[in-house]
Number of protein chains: 2
Amino acid sequence: MNGRFPIALHIMTLLCDADGLVASEFLAGSMNMNAVLVRKELSNLIKNKLVSSQTGKSGGYALARPAADITLAQIYQTVKPEAILGQAKNQPNPACPIGKQINQHIATLYDDVDKALLEKLGSTTLKDFMAKFH
Amino acid sequence: MNGRFPIALHIMTLLCDADGLVASEFLAGSMNMNAVLVRKELSNLIKNKLVSSQTGKSGGYALARPAADITLAQIYQTVKPEAILGQAKNQPNPACPIGKQINQHIATLYDDVDKALLEKLGSTTLKDFMAKFH
DNA sequence: TTGTATTGTAATAAAAATTATTACAAATAA
DNA sequence: TTATTTGTAATAATTTTTATTACAATACAA
């Protein structure tokens, strides 16, 4: 499991807390990580219309819409892995009656799990999350 | 994300399908992966009392109890990662008011998500899962 | 207009995690 | 007592993740 979701959430929380444009170097400083990686994640958030940016001097990043209109599910969707509970690297033996079918049944299970997860994350907005900080 | 859950589930499904003891080489053959890794995952399943084993010639592995008494949640618990939606490697800057608190809030969120996930997986037994194969 | 700060992104390197392999002791059935 | 199997350690190979370097493009401001 990689750290993309917590990173994206951290970025969104910082943007939510700020009033103007925020530079990637500032974000990286608060997160204590590499600014290029932060910008990459920001690129992805922009592509998913959760963040807007302005290039050039005194440029930076901001939320694309009010924090009350952004759910944690939407943030999660931007970094969602293919297989929520992991994917084995091997291809099961097609000569085995179990192996032949299992990936399909796992996919169905994962669809269900995904739905439950998105429902859970959909019930909290970025504003709600932000409110926990004091 | 690693492939431990699908691997564990594959093992459990194969053991469920078999009647006697099953050798790790057979499991590895069906899964098309390394037998030592399969035995390692089996070790973990044994430690968690979902599987029993017998050493020596004509030894092998079997479910420790009926498939109707094993839920997918219990299988998941044996391979559960620390952080369900990922963990960033960096330590946020403690001088930042957001960074200082965010890990704690993420942990709380993850507890909630975990609970929802376990509830979902707890509603399906290994027997139920097995029934999908035909 | 020229310098400076910033985004955006490619290329590459470094580090970490995952998966595979080799080796072999211990157990046990035949 | 031999053959087969579990159990596990040590190590290697591979893949993924994270970090770094480099630089073009943009836009503000002096």
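Proteins come first, then strands; the chains are lettered A, B, ... in the order of their sequence lines, and each starts at number 1.
- Residue B:Lys89 has a polar side-chain atom (N or O) positioned under 4.0 Å from OP1 or OP2 of D:dT18.
- For the pair B:Asn90 and B:Val22, both in contact range of DNA chain D, the more 5′-proximal nearest nucleotide belongs to B:Val22.
- Taking the six-membered ring for Trp and thresholds of 30 and 60 degrees, A:Phe5 and A:Tyr76 have ring planes more than 60 degrees apart, a perpendicular arrangement.
- Per the geometry, CD belonging to A:Gln87 stands 15 Å off P belonging to D:dT15, to the nearest Å.
- For the pair B:Leu45 CG and D:dG7 P, the computed distance is 11 Å after rounding to whole Å.
- No side-chain heavy atom of A:Asn32 sits less than 4.5 Å from a side-chain heavy atom of B:Pro92.
- Both B:Leu118 and B:Leu50 sit in one connected hydrophobic cluster of ILVMFWY residues. Membership requires side-chain heavy atoms under 4.5 Å apart, directly or through other members.
- Rounding to the nearest 0.5 Å gives a distance of 6.5 Å between CG of B:Leu27 and CD1 of B:Ile11.
- Comparing A:Ser53 and B:Ser58 against DNA chain C, the residue whose closest nucleotide sits nearer the 5' end is A:Ser53.
- With rounding to whole Å, A:Met33 atom CE is found 16 Å from C:dA15 atom P.
- Here the P atom of nucleotide D:dT14 and the CG atom of B:Leu37 are 15 Å apart, to the nearest Å.
- Whole-Å rounding puts the A:Glu41 CD to C:dT9 C1' distance at 15 Å.
- Residue B:Ile7 is classed as having no contact, given no heavy-atom separation below 4.0 Å to the nucleic acid.
- Residue A:Gln54 is classed as a sugar-phosphate contact, given heavy-atom separations below 4.0 Å to backbone atoms only.
- Nearest-nucleotide positions on DNA chain D for A:Asn34 and A:Gly56 put A:Asn34 closer to the 5' end.
- In terms of phosphate contacts, A:Ser24 brings no side-chain nitrogen or oxygen within less than 4.0 Å of OP1 or OP2 of C:dT6.
- A:Leu21 comes within contact range of no nucleotide atom at all, as no heavy-atom separation falls under 4.0 Å.
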